[in-house]
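Have a look at the structure below, then the notes.
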Amino acid sequence: MPFSVHTSHRAILLLPAGLYVVLVLLCAVWPALRLKAEEARTPRPPHDALVERGRAVYRSFNCVTCHTQQVRGYEAKAFDLEGRRVVPVFTADARFGTDAASTAREYDWQDPPLLGTQRTGPDLLGVGLRLPGAQWHYWHLYAPRSVSPDSLMPPHAFLFTKDHPPPAEAMDYDEVVPIEGLGLEPGERLWATPDAKALVEYLLSLKREALGGTR
Amino acid sequence: MKIPVGIPIFIAAAGTDPRFAKLVSRYLVSAGLWLLVASAVGLLEAFRLVHPDLLADSAALTFGRLRPVHVMTVLFGWASMALVGLSFYVVAKSAWLPMHKPMGRAEMTWANVALWLWNLGVAWGIGALMSGDVNSGREYREYPWYCMAPIFAAVAIVGVIFYRLIARRAVAGIYISCWFILAACFWVAVTVFMGYQPWFTTGLADRVIDGFYIHNAVGMWFTPLAVGITYYALPKLLNKPIYSYALGVLGFFTHLIFYTVIGTHHYLGSPLPDWLEAVAVIFSVAMIVPVWSSTGNFLMTMRGERLAISHSYSLPFLVVGTVCYGLASLQGSAQALPAVQEALHFTHYTVGHAHFAAYGFVTFLVWGAIYGLVPRITGREPPVMLVGLHFWLALAGMAIYVVGLCSGGHVQGASWGEGRPFTESVRDVMPYMVWRAVGGVLMASSHVIFFVALWKMRPGAFTMAFGAQGGR
């Protein structure tokens with residue numbers, strides 16, 4: 001029997017399978033290998049337990065489903081007066097407190113980089129520069145519409161507690177400054193749990209330090 | 001006992017192994033149940049985009065965790081299981097296997113093992129996601145690896161079974177449906193392996209794999225299965241040959257070559273290599289060739305069959321599915337153009353497009369094939385009134401949802417492009433979120449009706465009494 005895709009079941013298995021594997025090697029594995037080699041030239045960032053825990057909380061609540069961490073731009077061959085390469089930002093992305101598009105080095109060693117594909121809420125790549133106060137983030141996580149009236153974010157009140165934290169662990173909690181809109185009774189106190197504290201620490205760390213922490 | 005009225009259905013079902021009928025039916029009923037779960041979750045999420053405080057007290061039910069529950073259940077519970085269930089029948093028939101005993105005893109056992117592995121993977125995956133064990137930032141593979149492993153094993157098992165059935169065929173030629181179905185099983189195995197491999201998990205290397213995975217998990221699995229099944233179901237239900245077999249072959253190979261290399265169009269403007277983005281944009285436009293080879297082929301086959309279509313309760317689903325395949329894919333090619341993507345990427349337009357393809361295209365073709373083919377196995381037809389209601393509710397819901405979200409996406413994109421504050425775009429898009437919920441209600445209620453109709457088609461007294469008792 002001739003080795004034809006029309007009459008040989010071996011051929012109709014092996015030909016599409018082989019073609020697919022070759023294309024996967026060319027368009028996924030090969031570029032990934034090259035990018036990995038590039039990444040290996042950057043030293044790993046110093047270990048920060050609280051930020052890493054916060055990133056785990058961010059991933060556990062899958063915040064990336066509504067928040068990108070990516071400012072898009074064309075890799076045009078443009079240079080500024082000092083000869084540095086400039087990547088023009090997409091106008092749609094220009095509002096997020098920065099004049100530079102994302103660069104490869106900003107994502108080195110992140111497992112995984114949280115670029116995202118959906119922007120139901122705003123981009124968070126430079127949120128630590130735009131909103132540097134921890135209390136604002138506590139208010140926003142506990143009751144989003146207390147500080148951002150049009151926000152569509154679901155409240156994450158389960159990350160907070162109204163019970164006084166045990167004295168031995170009090171260091172891991174942060175007391176929330178009461179404001180109107182949190183719905184607290186007079187005299188009622190609110191604490192951010194260690195998870196909330198870590199999450200906010202992570203958000204505040206998003207300062208685009210690979211760009212020198214500048215706007 | 002109710003005897004089917006249609007003579008072809010009577011003859012086909014009377015010659016079919018009842019255990020085979022039960023196997024297919026188990027896959028489809030499992031899929032139908034997952035569709036109900038996914039619809040309930042999707043509906044809750046849609047309501048929350050209007051009322052964000054809804055059921056917000058529980059960490060397990062939080063928006064971020066339930067969204068992958070909805071998407072993963074639709075993809076790996078509903079669409080995958082329904083397509084695989086139908087594929088058993090399509091492969092057996094197009095390999096001309098004797099329907100009184102299409103599968104051996106061992107194959108039947110393994111096919112049932114795969115069914116339960118599949119259900120286990122989806123159920124376990126939902127539990128993992130709700131408990132916060134989310135493979136976050138990696139779309140369409142949010143399950144932790146150990147929940148995807150049973151599904152991977154199930155795909156491997158059904159792939160081997162399909163290969164054995166095709167190898168045993170009673171004719172020399174291998175029909176194009178078998179090409180698509182067999183290849184899809186191999187392609188998705190490679191894709192899922194790439195999605196969970198441990199070597200490229202950090203930095204941009206991870207994002208190259210991500211673009212590849214989110215693209216190919218959809219288009220090298222659901223698309224070839226749905227198209228392959230339609231290449232069997234459509235000519236069968238119209239009782240005529242396909243318009244052009246050669247177009248099918250062209251579509252198969254161009255789909256393979258063009259589709260595989262365009263995953264990076266999900267990351268235009270990102271720091272990923274320019275050449276990958278360029279390849280993605282160029283071949284995204286080239287996707288017009290495989291898409292219209294298939295849709296054009298289907299439309300030309302339907303040509304002149306208006307009477308047959310208007311008298312059928314299954315063909316209208318295939319018409320909608322074919323048209324949506326063509327239009328959603330054209331939309332996808334347009335979306336891959338950098339200028340379009342600059343404005344519309346990240347907006348709700350993407351979600352509209354995803355539903356246009358996964359719902360209008362894949363799900364409608366699945367429904368058409370189920371209503372058209374399942375009675376030929378079980379001898380039990382669905383109540384026509386229910387099918388009609390299902391069709392119109394699903395079509396109206398899908399239209400409202402897709403048009404609503406695509407329009408809303410334009411509103412967002414325009415607002416962002418003009419540099420207005422972000423919260424303003426959130427406020428402006430609200431009316432479209434209401435339309436999304438309205439469309440969602442219609443679609444979800446049509447799924448309840450579909451499940452009732454599916455239940456009425458399950459193997460019954462007729463199947464057992466008349467169905468050939470294979471192996472006896």
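Keep in mind the model is a prediction, meaning the values are calculated, not measured. Just so it is clear, the values below take in all heavy atoms, side chains as well, and ignore hydrogens, waters and symmetry mates. Reminder, nothing fancy here: chain letters follow the sequence lines and each chain counts from 1.
At a 4.5 Å heavy-atom cutoff, the contact between Val5(A) and chain B is made by backbone and side-chain atoms alike. With a 4.5 angstrom heavy-atom cutoff, Leu13(A) touches chain B via backbone and side-chain atoms both. Residue contact with chain B, scored on non-hydrogen atoms closer than 4.5 Å, involves the side chain of Glu39(A) exclusively. Contacts between Arg10(A) and chain B at a heavy-atom distance below 4.5 Å involve backbone atoms as well as side-chain atoms. Contact annotation for Ala157(A): neither backbone nor side-chain heavy atoms come within less than 4.5 Å of a heavy atom of chain B. Heavy atoms closer than 4.5 Å to chain B are found in both the backbone and the side chain of Thr117(A). Residue contact with chain B, scored on non-hydrogen atoms closer than 4.5 Å, involves the backbone and the side chain of Leu33(A) alike.
Side-chain contact between Leu49(B) and Thr120(A): present, with at least one pair of heavy atoms (C-beta onward) separated by less than 4.5 Å. Counting heavy atoms from C-beta outward, Val21(A) and Phe186(B) have side chains that approach closer than 4.5 Å.
Looking at Arg169(B) and His9(A), their side chains do bring a donor and an acceptor atom within 3.5 Å of each other.
Along residues 190-201 of chain A, no residue comes nearer than 4.5 angstrom to chain B, judged on non-hydrogen atoms. Residues of residues 51-63 of chain A lying within less than 4.5 angstrom of chain B, judged on heavy atoms, are Arg59(A), Ser60(A), Phe61(A), Asn62(A) in numerical order.
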Worksheet item: side chain to side chain contact (heavy atoms under 4.5 Å, CB included) between Asp123(A) and Phe346(B): does it pass, once the steps are laid out?
Response: CA-CA 10 Å; Asp123(A) 188 271; Phe346(B) 296 143; 5.9 Å; no
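Put simply, CE on Met433(B) and CG on Leu152(A) are 8.0 Å apart, with the number rounded to the nearest 0.5 Å.
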